[in-house]
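Have a look at the structure below, then the notes.
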Amino acid sequence: MCGMRPLPGFRDFYPEDCARRGYLLDGWRAVACRHGFVEVDGPVLESMDLYAKKNESGAEILGQLYQFTDRGEREVALRPEMTPTLARMVIAKERDYRKPLKWFSIANFFRYERQQKGRLREFIQFNADLLGDASTAADAELISLAIGVLREFGFTRDDFVIRLSDRRAWMDFLAARGCDEGAARAVLAIIDKLDREPEASLDAKLAPHGLTVAELRAFIAAASPEHFAPLLDQFEARGLREFVEVDLSIVRGLAYYTGLVFEAFDRGQSMRALAGGGRYDNLLADLSDGSVNLPAIGFGLGDVVLGNLIEETPRAREKMERALGAAPAAEIYVVIAGEARRREALGLVQSLRDAGWRTDFPLDAAKVGRQFQTADQLGARFAVVVGNEWPAVKIKTLATRAEDSVAHGALAEWLKTAHV
RNA sequence: GUGGCCGUAGCUCAAUGGUAGAGUCCCAGAUUGUGAUUCUGGUUGUUGCGGGUUCGAGUCCCGUCGGUCACCCCA
């Protein structure tokens with residue numbers, strides 16, 4: 001009310017929302033580290049030049065920037081993606097690091113677009129990039145990370161698939177059909193819409209290039225597996241072959257991709273791509289005017305679509321709920337049964353906290369029944385009752401309602417054995 | 001930027017153009033030290049906002065803001 005809502009496309013994170021977000025970020029970070037990637041980050045605010053330089057033709061992209069003039073008269077923008085920042089960082093200090101670079105980042109991004117399912121104006125994205133290695137082994141390593149991230153949340157081959165494609169296959173095909181590079185780019189944009197636009201309208205767009213939808217579909221259907229055989233073998237060796245398939249209809253929208261491109265989809269096809277990426281072997285050289293020439297491959301994965309798919313997939317949702325349930329607001333609730341013992345209870349609370357237990361207690365005098373109810377609602381495993389029996393305390397295991405009694409000095413030991 | 005649908009209590013939703021309601025949540029209590037149920041009581045509304053039609057508008061019309069979905073775009 002009172003107009004005190006967050007801006008369109010922006011989110012408040014209440015405790016349960018923060019817990020969910022933490023679950024996603026922890027999973028991303030854990031899997032990336034497990035794959036030998038290290039974390040990097042950059043500023044939320046960047047100079048406009050960083051984006052203007054990369055997208056000479058991208059007036060559309062510039063129009064989606066949160067852009068303004070700062071108090072120092074600088075033209076700046078909130079970051080809409082990680083790649084320009086990453087490219088700048090790599091170009092500046094790449095000689096300080098052994099190759100290949102295996103970097104990942106977890107960052108929030110801002111795009112001024114109308115929101116819809118799976119798309120907001122501020123979102124969080126996991127980005128991973130492998131730089132300085134142009135091999136198929138590097139391709140497989142990066143895509144395996146994408147698979148690993150999705151599997152981490154409980155998804156299986158029944159839930160998602162990575163579609164592999166290669167722009168070089170298309171460029172060779174189109175060159176053989178007489179398209180120059182500019183025409184080929186235009187055709188790629190049309191291929192990107194194959195399933196979304198009526199065939200007749202696509203045929204009309206293809207006519208100037210001497211092509212038809214039928215011919216494109218025939219090429220997609222005839223996708224030569226030999227070309228992908230070395231890559232597919234890498235997944236075979238990792239036991240991940242079932243998570244990938246070749247699909248040349250994937251071309252991705254960005255102009256800077258130079259070869260392999262891929263997208264992750266939910267098997268139900270009920271939402272937009274979960275993740276997408278590809279090779280951009282020329283970008284660093286282009287941005288650094290040739291001074292840094294590193295091949296690179298990377299992908300991004302957003303929190304919004306991933307969160308939606310987790311909610312819609314029972315196996316994944318249950319896994320998340322288990323994880324969140326395992327981290328209650330309090331493990332131990334100290335019940336103060338007699339206010340005369342509040343000082344002793346405070347000392348006990350402090351010692352439990354120092355010992356590493358998530359501990360809570362009532363700030364005000366309250367009925368014992370109410371205190372137990374609070375303990376229950378916080379998700380505590382144990383209630384420790386401090387009252388007349390001091391220096392002994394009662395320990396109640398809330399789930400079983402079993403009660404035990406120990407000297408307060410022996411509580412830490414009791415909890416340690418009970419916890420195992 | 002374009003279009004469809006939607007906007008009523010904190011939340012989920014009712015109400016033929018005729019007195020704005022239910023459930024839930026939250027708070028308090030049910031003979032003073034034991035939590036899931038139950039019972040009782042209580043708070044909460046400029047019906048998103050602004051105009052218009054009408055004797056009368058939550059309801060119909062226009063605008064606006066927001067939500068949602070699709071187009072555009074997808075880094």
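All values below were derived from every heavy atom in this structure, side-chain atoms included, with hydrogens, water molecules and symmetry-related copies excluded. Chain identifiers are assigned alphabetically (A, B, ...) following the order of the sequence lines, protein sequences preceding nucleic acid strands; residue numbering begins at 1 within each chain.
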Checklist entry - In the strands shown, is B/G7 matched to any nucleotide by a Watson-Crick or G-U wobble pair with both distances under 3.5 Å, and which? => result B/C65
Next on the checklist: Below the 4.0 Å mark, does B/G35 have OP1 or OP2 next to a side-chain nitrogen or oxygen of A/Gln371?
Outcome noted: no
Checklist entry - Can you tell which of B/A75, B/U34, B/G29 lies closest to the side chain of A/Lys394? => result B/U34
Checklist entry - Do A/Ile250 and A/Phe262 pass the side chain to side chain contact (heavy atoms under 4.5 Å, CB included) test, and can you show the C-alpha distance, the side-chain angles, and the key distance before you say yes or no? => result CA-CA 7 Å; A/Ile250 304 292; A/Phe262 62 95; 5.9 Å; no
Next on the checklist: Using a 4.0 Å heavy-atom cut-off, does A/Gly9 contact any base of the nucleic acid, only the sugar-phosphate backbone, or nothing at all?
Outcome noted: sugar-phosphate
Checklist entry - Checking only heavy atoms, does the side chain of A/Gln64 share a donor-acceptor pair with the base of B/A75 at less than 3.5 Å? => result yes
Next on the checklist: How many whole angstroms separate atom CG of A/Leu283 from atom P of B/A75?
Outcome noted: 14 Å
Item to check | Between B/G29 and B/C65 - C1' atom distance, rounded Å | outcome: 43 Å
Checklist outcome for this item: Taking B/G35, B/C71, B/A75 as options, the one with an atom nearest any side-chain atom of A/Arg119 is B/C71
Checklist entry - What distance do A/Arg111 atom CZ and A/Glu122 atom CD have between them, rounded to the nearest 0.5 Å? => result 12.5 Å
Item to check | A/Arg370, nearest nucleotide to its side chain (from B/G29, B/A75, B/G33) | outcome: B/G29
Checklist entry - What is the distance from CG of A/Asn388 to C1' of B/U32, rounded to the nearest Å? => result 12 Å
Checklist entry - When the ring planes of A/Trp28 and A/Phe126 are compared, do they come out parallel, tilted or perpendicular, using 30° and 60° as the limits? => result tilted
Next on the checklist: Under 3.5 Å for both donor-acceptor distances, Watson-Crick or wobble: does B/U46 have a partner, and if so which one?
Outcome noted: none
Item to check | Atom P, compared across B/A70 and B/G35: separation rounded to whole Å | outcome: 49 Å
Checklist entry - Nearest nucleotide by nearest heavy atom, which residue falls closer to the 5' end of RNA chain B, A/Glu263 or A/Tyr112? => result A/Tyr112
Checklist entry - Which comes earlier along RNA chain B counting from the 5' end, the contact point of A/Pro8 or that of A/Lys193, where each point is its nearest nucleotide? => result A/Pro8
Checklist entry - Do the charged groups of A/Arg88 and A/Glu94 touch, with an N to O distance under 4.0 Å? => result no
Checklist entry - Would you say A/Lys367 reaches B/A30's phosphate, i.e. side-chain N/O to OP1/OP2 under 4.0 Å? => result yes
Checklist entry - Counting side-chain heavy atoms from CB outward, which of B/G33, B/G35, B/A75 is closest to A/Pro80? => result B/A75
Next on the checklist: Can you confirm if the NZ or CZ of A/Lys396 lies within 45° of the ring axis of A/Phe372 and under 6.0 Å from the centre of its six-membered ring?
Outcome noted: yes
Item to check | Paired nucleotide for B/G1 [Watson-Crick or G-U wobble; both distances under 3.5 Å] | outcome: B/C71
Item to check | For atom CG of A/Leu378 and atom P of B/U34, their distance in whole Å | outcome: 20 Å
Next on the checklist: Within the 4.0 Å heavy-atom criterion, would you say A/Glu403 contacts the bases, only the backbone, or no part of the nucleic acid?
Outcome noted: base
Item to check | Side-chain H-bond candidate by donor/acceptor type, A/Glu215 with A/Thr212, under 3.5 Å | outcome: yes
Next on the checklist: Walk me through whether A/Glu141 and A/Ser144 qualify under side chain to side chain donor-acceptor pair (under 3.5 Å).
Outcome noted: CA-CA 5 Å; A/Glu141 175 72 351; A/Ser144 294; 5.4 Å; no
Next on the checklist: Suppose we call a contact any N or O donor and acceptor under 3.5 Å apart; does that hold for the side chain of A/Gln116 and the base of B/U68?
Outcome noted: no
Checklist entry - Heavy atom of residues 334-348 of chain A under 4.0 Å from RNA chain B: which residues? => result A/Ala337
Checklist entry - Going by distance alone, is a donor N or O of one side chain under 3.5 Å from an acceptor N or O of the other, for A/Glu46 and A/Thr85? => result yes
Item to check | Separation of the C1' atoms in B/G66 and B/C49, to the nearest angstrom | outcome: 10 Å
Checklist entry - For the side chain of A/Val385, counting heavy atoms from C-beta on, which of B/U34, B/C73, B/A36 is nearest? => result B/U34
Item to check | Check: A/Arg111 side chain, B/A75 base, donor-acceptor under 3.5 Å | outcome: yes
Checklist entry - Per the atom types in the model, does the base of B/G3 pair as donor or acceptor with the side chain of A/Arg114 at under 3.5 Å? => result yes
Checklist entry - Could one point to a donor on the side chain of A/Arg401 or the base of B/A36 with an acceptor on the other under 3.5 Å away? => result yes
Next on the checklist: Roughly how many Å apart are B/A20 and B/U53, using the P atom of each and rounding to a whole number?
Outcome noted: 22 Å
Checklist entry - Is A/Arg272 touching bases, backbone alone, or none of the nucleic acid, heavy atoms closer than 4.0 Å? => result base
Checklist entry - Contact class for A/Gly369 vs. all strands (heavy atom < 4.0 Å): base, sugar-phosphate, or nothing? => result sugar-phosphate
Checklist entry - Quick one: A/Gln373 CD to B/C26 C1', roughly how many Å, whole number? => result 12 Å
Next on the checklist: Partner lookup for B/C27, please. Criteria are Watson-Crick or G-U wobble with both distances under 3.5 angstrom; report none if nothing qualifies.
Outcome noted: B/G41
Next on the checklist: Side chain of A/Lys117, heavy atoms from C-beta onward: which of B/U34, B/G67, B/A70 has the nearest atom to it?
Outcome noted: B/A70
Next on the checklist: I want to check a possible cation-pi pair here: A/Arg279 against A/Tyr257, using under 6.0 Å from ring centre and within 45° of the ring axis as the test.
Outcome noted: no
Item to check | Protein-nucleotide distance (A/Met82, atom CE; B/C74, atom C1'), rounded to Å | outcome: 19 Å
Next on the checklist: Under 4.0 Å, counting only non-hydrogen atoms across every strand here, what does A/Asp192 touch: a base, just sugar-phosphate, or nothing?
Outcome noted: nothing
Checklist entry - Between B/G42 and B/C25, how far is it from one C1' atom to the other, in whole Å? => result 14 Å
Next on the checklist: Just the rounded figure in Å: distance from C1' of B/C11 to CG of A/Asp12.
Outcome noted: 16 Å
Item to check | Between A/Arg272 and A/Gln116: side-chain donor-acceptor atoms closer than 3.5 Å | outcome: yes
Item to check | Base-pairing assignment for B/U16 (Watson-Crick or G-U wobble, both under 3.5 Å) | outcome: none
Item to check | Below 4.0 Å: OP1/OP2 of B/G33 and any side-chain N or O of A/Lys396 | outcome: no
Item to check | Inter-nucleotide C1' distance (B/C13, B/G18), Å rounded | outcome: 23 Å
Next on the checklist: Is the ring pair A/Phe10/A/Tyr66 parallel, tilted or perpendicular, if the boundaries are 30 and 60 degrees?
Outcome noted: perpendicular
Item to check | Nucleotide B/A75, atom C1' - distance to CD of A/Glu81 in whole Å | outcome: 4 Å
Item to check | A/Val368, nearest nucleotide to its side chain (from B/G33, B/G67, B/C71) | outcome: B/G33
Next on the checklist: Would you measure the distance from the P atom in B/U59 across to the matching atom in B/U47 and give it in whole Å?
Outcome noted: 10 Å
Checklist entry - Given the C1' atoms of B/G56 and B/U16, what is the spacing between them in whole Å? => result 15 Å
Checklist entry - Are any of the side-chain nitrogens in A/Arg167 or A/Asp172 under 4.0 Å away from the carboxylate oxygens of its partner? => result no
Checklist outcome for this item: Applying the 3.5 Å cut-off to both distances, the Watson-Crick or G-U partner of B/A57 turns out to be none
Item to check | Protein-nucleotide distance (A/Met271, atom CE; B/C69, atom C1'), rounded to Å | outcome: 14 Å
